[in-house]
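Have a look at the structure below before the remarks.
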Amino acid sequence: QVHLVESGGGLVQAGESLTLSCEDSGRTLSNYAVGWFRQAPGKEREFVARRSPNGPYQYYGHFAEGRFNISRDSTKNTVYLQMNDLQPEDTAIYYCAAGRVGATVYDPGEYDYWGQGTRVTVSS
């Protein structure tokens, strides 16, 4: 019943900020933990951030700590990823994913639902 659609990607210069959004048209996202992952060409999909429903617990990949922020708006069935001080190495397709609360935080294989991704390109 979960159908995720990401949006907000685009082209920015290094040092700029960008906010991505992920909306669940199934309107059941409050039952799941939500994570953001990214994948650059030729690289593995890597963990970016995660937040559980109805709680303050947040986890970030080391490159995102202190620079990215994940938030949830249950009234809109939407999850956001605010990215600050973007760098060229942040260039990737960013995916929103939903999984059970007890799933391993950093493992993409533990998430059951995925969006199609939104492309972020950062120029130097």
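These numbers come from the heavy atoms of this one structure, side chains and all, not from hydrogens, waters or symmetry mates.
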Exercise for the section: Step by step, work out the side-chain contact (heavy atoms from CB on, under 4.5 Å) result for Leu18 and Leu20. Expected result: CA-CA 7 Å; Leu18 197 64; Leu20 308 180; 4.3 Å; yes
Problem - Worked verdict on Arg38 versus Lys43 for side-chain contact (heavy atoms from CB on, under 4.5 Å) - result: CA-CA 10 Å; Arg38 71 184 187 184; Lys43 296 184 178 180; over 6 Å; no
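- Judged purely by atom type and a 3.5 angstrom limit, Glu6 uses its side chain to pair as donor or acceptor with the backbone of Gln116.
- Judged purely by distance below 3.5 Å, without hydrogens or angles, the side chains of Thr78 and Ser21 never pair a donor atom with an acceptor atom.
- Within the 4.5 Å cutoff, no side-chain heavy atoms of Val12 are placed close to those of Ser123.
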Practice task
I would like to know whether Tyr80 and Gln82 meet side-chain hydrogen bond (donor to acceptor under 3.5 Å, both in side chains); could you show each step before the answer?
Solution key: CA-CA 6 Å; Tyr80 302 94; Gln82 183 179 36; over 6 Å; no
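- Linking Ile, Leu, Val, Met, Phe, Trp and Tyr residues whenever their side-chain heavy atoms come within less than 4.5 Å places Ile93 and Tyr111 in a single cluster.
- Seen from the ring of Tyr95, Arg45 counts as a face-on cation partner, given the 6.0 Å and 45° thresholds.
- Tested against Val34, the residues Leu81, Leu4, Leu29 include a single side-chain contact (heavy atoms from CB on, under 4.5 Å) partner, Leu29.
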Practice task
Just do the salt bridge (Lys or Arg N to Asp or Glu O under 4.0 Å) check on Asp90 and Arg67 with the steps written out, would you?
Solution key: CA-CA 11 Å; Asp90 294 316; Arg67 192 161 62 96; 2.7 Å; yes
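- No continuous path of ILVMFWY side-chain contacts below 4.5 Å connects Val79 to Tyr59, so the two sit in separate hydrophobic clusters.
- Within the 4.5 Å cutoff, the side chain of Phe63 has heavy atoms near those of the Glu46 side chain.
- Hydrophobic clustering keeps Tyr32 apart from Val105 (ILVMFWY residues linked when any side-chain heavy atoms are closer than 4.5 Å, directly or through intermediates).
- Distance check: Asn77 CG to Ser25 OG gives 9.0 Å after rounding to the nearest 0.5 Å.
- A donor-acceptor pair is defined here as one N or O able to donate and one able to accept, closer than 3.5 Å; no such pair exists between the side chain of Asp24 and the backbone of Val2.
- Trp36 does not carry Arg51 over the face of its six-membered ring by the limits of under 6.0 Å from the centre and within 45° of the normal.
- Side-chain contact between Gln58 and Asn69 is present, with heavy atoms from C-beta onward closer than 4.5 Å.
- Remark: side-chain polar atoms of Glu16 are paired, donor with acceptor, to backbone N or O of Gln13 under 3.5 angstrom.
- Connection of Tyr94 to Tyr113 is established within a shared hydrophobic cluster, with ILVMFWY side chains joined at heavy-atom distances below 4.5 Å, either directly or through further cluster members.
- Taking 4.5 Å as the limit, every side-chain heavy atom of Tyr60 sits out of range of all side-chain heavy atoms of Val48.
- No donor-acceptor pair under 3.5 Å is formed between the side chain of Arg50 and the backbone N or O of Tyr57.
- Taking both residues in full, the closest heavy atoms of Ala40 and Ala92 are given as N-CB, 3.8 Å, listed atom of the first, atom of the second, then distance.
- Residue Phe37 is not grouped with residue Val120 when hydrophobic side chains (ILVMFWY) are merged at heavy-atom distances under 4.5 angstrom, including chains of intermediate members.
- Put simply, the side chain of Thr118 gets close to the backbone of Gly9: a donor and an acceptor are under 3.5 Å apart.
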